[in-house]
Amino acid sequence: MTVDNLSNTDSISISVMRNGNDIRRDTLGIALLSQGLLKNYAVFATSFQKPLEVKFDNSVLPPGVAEIVLFDKSGKAISDRMLFKHGYRNVAISATPDKDFYTPYSPVSIEFSLKEDDGKPVTSPFSLSIRDGKDEISWNRNIMTDLLLMSEIKGYVANPEYYFESDDRKHRADLDLLLMVQGWHRYPWENMVKSKPADLRYNPETSGIETAGVVNAYNKKKPKPGVDISAFLLKSNQENEKLATAMDVLKSDSLGRFSFTADVYGDWNLILAAREKGKKKDYLISIDRLFSPEPQPYRYTDLEISTVNDIKTDTTKLIAQSDSIPEENLSHLLTAIDDSLSTAGVDKNRVEHLDEVVVKAKKNSKERDIYEARSKSIAYYDVKSGLDDIRDEGKFIGDDIHTFLREMNINFTPTYASGEEYLLYKGRMPLFVINYNRTYRTKEDYDRYKNIRLEAIKSIYITENLTQMWHYADPMITLFDIDKIYGCAVFIETYPEGKIPVDAGKGVRKTRLQGYSAPAEFYSPDYSMMEPEPDYRRTLYWNPAVKPDDNGKAIVKFYNNSNCKNFTIDLQTVTPSGSIGYTR
């Protein structure tokens with residue numbers, strides 16, 4: 001199949017040739033697609049001897065990438081080819097500042113005017129970013145390259161803006177060659193030819209965000225139909241559950257499933273209560289939300305940003321500092337080393353210590369110790385969120401911290417001694433530290449963590465850092481022995497007294513509901529009301545939806561930073577008619 005998209009500006013010529021020795025008689029089809037929609041097609045028999053010529057009118061195509069697919073009667077693609085439809089319209093953009101020069105901290109006012117190529121004012125919103133032009137980031141992509149080209153193909157394109165800098169034959173031919181070497185399509189042909197469309201994983205949000213779930217019997221995963229589910233919402237910062245707002249009373253279907261829609265913003269506490277014939281039932285309520293897109297590696301295009309002056313960081317100092325031992329612990333460490341050497345049969349007299357060096361510094365505070373422990377951890381678990389995930393999988397773990405840790409981290413394994421269950425971490429004991437208090441090597445002190453309810457634990461940090469384990473272990477244990485005994489330290493942070501969440505009652509599920517993210521307002525200082533201060537903002541103004549007036553004009557105002565001398569203006573828009581506008 002050969003496709004000619006360059007010879008004529010109003011049509012696409014397609015030539016199909018067959019092997020003359022092939023005696024099969026079949027029906028073939030050619031489809032013209034754009035943006036996932038069928039724009040034209042042709043059907044013919046394979047009995048032709050000469051090349052078959054087909055022409056499609058390209059006026060039915062919107063600007064951007066289109067696709068020609070040759071397929072057999074079963075819907076299997078035999079050959080395909082991507083092409084580009086030109087003919088997009090540009091928006092004329094002008095920016096007029098109120099001054100020729102701006103001093104530091106001075107007010108700035110810029111008037112923007114947008115018109116289509118026929119002179120009609122553009123009244124649709126546009127996105128706008130105004131930045132400090134010094135040492136500006138090099139970037140050669142815009143709404144034209146990303147919307148019409150890059151979103152439809154896969155692979156690195158060295159300079160995508162090049163294909164749109166001119167509309168002559170050379171640039172059109174180069175773009176045609178680019179599309180012939182691209183092997184990825186945004187809309188899979190196999191899904192498009194199915195008689196029944198594939199189920200959507202993410203449903204359109206028409207009147208709010210849909211939340212769906214299932215009611216099961218505990219530990220049986222047996223769906224319970226006909227159960228009444230009462231749903232209540234409470235602000236995330238409110239603690240009095242009596243103030244919760246009743247949303248709806250739902251009923252589980254024959255598969256035990258239920259769903260509701262919430263048109264809310266931000267984080268909310270969600271309370272679901274199960275009843276059957278007016279009586280509370282101790283059922284497990286799970287919510288469908290344990291899914292996310294697969295991790296994707298960065299493409300080369302995502303990493304091609306460069307600046308005028310590359311900043312180099314000496315990471316060797318950072319690594320050395322992170323592995324250092326606090327100075328105030330040095331004497332204890334030396335004593336511990338001496339004791340360990342003596343135990344190993346090494347003569348202390350053969351060990352030389354350097355002269356004492358006194359370092360005057362502030363003693364580590366409790367906050368500093370907490371920061372050190374957190375910063376050197378290799379894993380962090382929000383217990384409330386982790387419990388939600390476990391329950392959404394339809395599992396019930398009760399108040400067992402051992403099961404919780406095993407669900408969160410595969411390195412934890414159970415072991416038994418004297419009829420009691422303990423945990424091992426990579427074959428060694430974990431050191432449980434509660435609220436950053438030292439754990440002594442007594443059974444009573446070590447087992448304190450078992451008496452804490454999961455609902456009372458706020459977060460858990462896990463570290464394999466030897467210094468941190470030695471800092472919180474029994475001081476009678478040497479550093480070398482700690483490395484043999486403990487595989488990690490498990491830091492348990494509990495809620496303060498009076499802030500511990502109340503346990504859910506019978507048949508009640510307490511969880512969280514994430515509504516729409518409330519848009520944050522871009523911060524811009526007002527130096528007419530505050531004293532000037534060192535201001536190194538790179539972005540001086542940002543607004544994703546600036547609304548022009550009926551004449552296509554909009555005025556934006558902001559304050560300069562302390563050293564900006566020239567602005568970089570980045571404006572992008574698409575009109576309802578399909579015209580594209582961006583600043584170069």
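Atom NZ of Lys280 has 12 or fewer neighbouring heavy atoms from other residues, nucleotides or ligands inside a 6.0 Å radius. Around CZ of Arg441, the count of heavy atoms belonging to other residues, nucleotides or ligands within 6.0 Å does not exceed 12. In the displayed structure, Tyr371 atom OH is contacted under 6.0 Å by at most 12 heavy atoms of other residues, nucleotides or ligands. Around CZ of Phe522, the count of heavy atoms belonging to other residues, nucleotides or ligands within 6.0 Å exceeds 12. Heavy atoms from other residues, nucleotides or ligands lying under 6.0 Å from CD of Glu420 number more than 12.
Atom CD1 of residue Ile401 and atom CZ of residue Phe432 lie 6.0 Å apart, to the nearest 0.5 angstrom.
A salt bridge links Arg509 with Asp388: the closest approach of a Lys/Arg side-chain nitrogen to an acidic carboxylate oxygen falls below 4.0 angstrom. Salt-bridge formation is not detected for the pair Arg257/Asp253: no Lys NZ or Arg NE/NH1/NH2 atom is positioned less than 4.0 Å from an Asp or Glu carboxylate oxygen. Between Arg537 and Asp535, at least one side-chain nitrogen of the basic residue sits less than 4.0 Å from a carboxylate oxygen of the acidic one, meeting the salt-bridge criterion. Salt bridge Lys395/Glu393: present, at least one basic N to carboxylate O contact under 4.0 Å. Between Arg289 and Asp389, none of the side-chain N atoms (NZ, or NE/NH1/NH2) sits under 4.0 Å from a carboxylate O, so this pair counts as no salt bridge. Salt-bridge check for Arg448 with Glu444: failed, with every basic side-chain N at 4.0 Å or more from each acidic carboxylate O. A salt bridge does not link Arg275 to Asp228: none of the charged nitrogens lies less than 4.0 Å from a carboxylate oxygen. Classification of Glu276 and Lys224 as a salt-bridged pair fails, no side-chain N sitting under 4.0 Å from a carboxylate O.
Looking only at distances, no side-chain donor or acceptor of Asp267 sits under 3.5 Å from a matching main-chain atom of Gln514. Side chain of Asn411 to backbone of Tyr425: no donor-acceptor contact under 3.5 angstrom is found. Checked by atom type and distance alone, the side chain of Thr463 pairs as donor or acceptor with a backbone atom of Lys376 at under 3.5 Å. Using modelled atom types, one side-chain atom of Ser151 and one backbone atom of Asp146 make a donor-acceptor pair closer than 3.5 Å. Of the possible polar contacts, none joining the Asp474 side chain to the Ile477 backbone as a donor-acceptor pair under 3.5 Å is found. Using modelled atom types, one side-chain atom of Asp392 and one backbone atom of Ile287 make a donor-acceptor pair closer than 3.5 Å. With hydrogens and angles disregarded, no donor-acceptor distance shorter than 3.5 Å links the side chain of Arg374 to the backbone of Asp369. Side-chain N or O atoms of Thr511 include none that pairs as donor or acceptor with a backbone N or O of Leu270 at under 3.5 Å.
Counting only N and O atoms by type, the side chains of Asn409 and Tyr381 include a donor and acceptor under 3.5 Å apart. A donor-acceptor contact closer than 3.5 angstrom links the side chains of Asn435 and Thr494. Counted by atom type alone, Ser385 and Asp382 present zero donor-acceptor pairs between their side chains at under 3.5 Å.
Residues Ser377 and Ile462 are not in side-chain contact: their nearest non-hydrogen atoms beyond the backbone lie 4.5 Å or more apart. Residues Ile285 and Lys510 fail the side-chain proximity criterion, which asks for heavy atoms closer than 4.5 Å.
A perpendicular orientation is assigned to the rings of Tyr449 and Tyr446, their planes being inclined by more than 60° (bins at 30° and 60°).
Residues that satisfy the side-chain contact (heavy atoms from CB on, under 4.5 Å) test with Val264, not counting sequence neighbours, are Leu233, Ala262, Trp268, Leu513.
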